[in-house]
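Dumping the structure here so I can ask a few things about it.
Basis for what follows: all heavy atoms, side chains included, without hydrogens, waters or symmetry-related copies.
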Amino acid sequence: MAKTRKFAELLQTQIRHEFTAAQQYIALAVWFDARDLPRLAKRFYRQAIEERNHALAMVRYLLDRDEPVAIPGSDEVRNDFSSVHEAIELALTQERAVTADIEAMAKAARLEEDYLGEQFVHWFLKEQVEEVAQMSTLLTVVERAGGNLFEVENHLFREAGTEIEDAPDMPPVAGGKL
């Protein structure tokens, strides 16, 4: 009887989640752009590219392991929000859900004694700590700004000089990183 490859199944499902996250971040970016909030828009356009790269790193891994790959569509995304706070809150909720998904993949790899899969997932676990922390900070900044969105934009402008653009230890991306 063939051994069930739960890790590979979860990874294939996660590709869909990453593409959906990319689409959701584009929707958020467009929403911010339409409200003349260029720094918030830029942050989420860039985040969308990062999520796309995560999906394609997972594709590359499956290809490299000679596993079947199917490129999925994405789930529905939300396009309308009542406030900046609500939009950022959605992004934070999404990042927390992705963290739970990645943790489940790590657990499956370990249970299957798939050491290569477990090693692959480690980068994503580390990345999720950063993603949740950054989104939590952004939500806190929005809350502290008390409705003054110029303060949020100024915060993002100040922080732009301290960002690391490329993670040199990121797994390879199918087709190359954008």
Side-chain angles (χ1 to χ4, degrees), residues 10-59 70-106 121 123-167 170-171 173-175 177-178:
L10 289 172
L11 192 55
Q12 184 67 52
T13 299
Q14 191 59 32
I15 291 168
R16 179 183 194 94
H17 293 169
E18 297 292 334
F19 281 131
T20 299
Q23 291 295 98
Q24 184 61 68
Y25 284 143
I26 291 169
L28 286 164
V30 168
W31 191 84
F32 292 129
D33 228 352
R35 281 147 188 83
D36 296 322
L37 297 166
R39 294 290 170 177
L40 279 163
K42 181 178 180 180
R43 164 74 193 254
F44 283 94
Y45 284 127
R46 191 173 57 245
Q47 191 69 34
I49 292 169
E50 189 173 305
E51 300 305 329
R52 172 256 187 214
N53 285 342
H54 291 171
L56 290 177
M58 293 172 185
V59 167
I71 300 302
S74 67
D75 296 323
E76 289 294 315
V77 299
R78 186 169 166 196
N79 288 287
D80 195 30
F81 305 93
S82 62
S83 67
V84 169
H85 186 277
E86 184 180 46
I88 304 297
E89 202 168 45
L90 174 76
L92 177 57
T93 298
Q94 180 173 285
E95 288 299 340
R96 287 180 174 151
V98 168
T99 299
D101 294 340
I102 301 293
E103 287 173 336
M105 287 188 332
V121 170
W123 184 88
F124 291 95
L125 289 169
K126 181 184 73 156
E127 176 73 2
Q128 282 311 118
V129 170
E130 176 188 314
E131 297 289 342
V132 170
Q134 287 178 352
M135 214 54 77
S136 293
T137 297
L138 185 55
L139 186 61
T140 299
V141 168
V142 167
E143 289 168 352
R144 288 181 180 162
N148 185 347
L149 298 179
F150 291 115
E151 289 300 324
V152 177
E153 290 283 291
N154 285 333
H155 166 77
L156 290 172
F157 179 75
R158 286 190 312 274
E159 292 297 310
T162 64
E163 293 174 356
I164 298 171
E165 281 297 314
D166 204 13
M170 182 178 172
V173 174
K177 287 189 225 179
L178 292 182

request  = Could you tell me whether the side chain of N148 reaches within less than 4.5 Å of the side chain of E151, counting heavy atoms only?
outcome  =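 Yes, close enough: below the 4.5 Å cut-off.
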
inquiry  = Apply side-chain hydrogen bond (donor to acceptor under 3.5 Å, both in side chains) to residues E95 and Q134 and explain how you reach the verdict.
reply    = CA-CA 10 Å; E95 288 299 340; Q134 287 178 352; over 6 Å; no

query = Do D101 and M105 touch side chain to side chain, with heavy atoms closer than 4.5 Å?
reply =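 Of all side-chain heavy-atom pairs linking M105 with D101, none is under 4.5 Å.
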
task = Please round to the nearest 0.5 Å and tell me the distance separating atom CD of E50 and atom OH of Y25.
result =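 One gets 9.0 Å once the value is rounded to the nearest 0.5 Å.
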
query = So F44 and F32, would you call those rings parallel, tilted or perpendicular, with 30° and 60° as cut-offs?
reply =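 If you compare the ring of F44 with that of F32, the planes turn out tilted.
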
task = Work out which heavy atom in E153 is nearest to a heavy atom in R39; give both atom names and the distance.
result =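 Heavy atoms of E153 and R39 come nearest at OE1-N, 2.8 Å.
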
ask   = So which heavy atom on F124 is nearest to which on A57, and how close?
value =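 Looks like CZ-CB, 4.1 Å.
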
message = Any donor-acceptor pair under 3.5 Å linking the side-chain atoms of Q128 with those of E103?
response =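 Their side chains do not contain a donor-acceptor pair, so the 3.5 Å distance test is not met.
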
query = Is there a donor-acceptor pair closer than 3.5 Å between any side-chain N or O of D33 and the backbone N or O of A29?
reply =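 No, D33 side chain to A29 backbone: no donor-acceptor pair under 3.5 Å.
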
task = Flag the pair E127 / H54 as yes when at least one side-chain heavy-atom distance between them is below 4.5 Å, and no otherwise.
result =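 Yes - at least one pair of side-chain heavy atoms lies under 4.5 Å apart.
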
Return all side-chain donor-acceptor pairs below 3.5 angstrom for residues 138-146, not counting sequence neighbours, or 'none' if the list is empty.
residue : atom : partner : partner atom : Å
T140    : OG1  : S136    : O            : 3.0
E143    : OE2  : H85     : NE2          : 2.9

ask   = Under 3.5 Å, is there a donor-acceptor pair linking the side chains of Q94 and Q24?
value =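 The answer is no; no qualifying pair exists.
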
key: Interatomic spacing from OG in S83 to CZ in R35 - rounded to 0.5 Å   =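 Separation between the atoms: 10.5 Å.
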
inquiry  = Can you confirm whether L28 sits close enough to F81 that some side-chain heavy atom of one is under 4.5 Å from a side-chain heavy atom of the other?
reply    =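 Yes - at least one pair of side-chain heavy atoms lies under 4.5 Å apart.
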
ask   = Going by heavy atoms in the side chains, are L149 and L37 under 4.5 Å from each other?
value =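 Yes, side chains in contact.
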
inquiry  = How long is the straight-line distance from NE2 of H17 back to CE of M58, given to the nearest 0.5 Å?
reply    =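 Result: 10.5 Å between the selected atoms.
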
inquiry  = Please give me the minimum heavy-atom distance between W31 and D80, naming the atom from each residue.
reply    =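 Heavy atoms only, the tightest pair is NE1-OD1, 3.8 Å.
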
task = Provide the closest heavy-atom pair for I88 versus M135 in the form atom of the first, atom of the second, distance.
result =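 Looking at all heavy atoms of both residues, the shortest contact is CG2-O, 4.1 Å.
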
ask   = Rounded to the nearest 0.5 Å, how far apart are CD1 of I102 and CD of E131?
value =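 Here the interatomic distance stands at 10.5 Å.
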
message = Would you say that Q12 contacts P72 through its side chain, given a criterion of any heavy-atom pair below 4.5 Å between the two side chains?
response =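 They are in side-chain contact.
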
inquiry  = Evaluate R78 against E86 for salt bridge (Lys or Arg N to Asp or Glu O under 4.0 Å), listing each step before the verdict.
reply    = CA-CA 11 Å; R78 186 169 166 196; E86 184 180 46; 2.9 Å; yes

Pairs satisfying salt bridge (Lys or Arg N to Asp or Glu O under 4.0 Å), at least one member in residues 10-19, at least two apart =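 Non-adjacent pairs meeting salt bridge (Lys or Arg N to Asp or Glu O under 4.0 Å): R16-D75.
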
query = What is the distance from atom CG of L92 to atom OG1 of T137, rounded to the nearest 0.5 Å?
reply =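 Answer rounded to 0.5 Å: 10.0 Å.
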
request  = First locate atom CZ of F157, then atom NZ of K42, and finally report the distance between them rounded to the nearest 0.5 Å.
outcome  =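 So the CZ of F157 and the NZ of K42 are separated by 9.5 Å.
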
key: Considering all heavy atoms, the nearest N79-A27 contact   =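 Looks like OD1-CB, 3.3 Å.
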
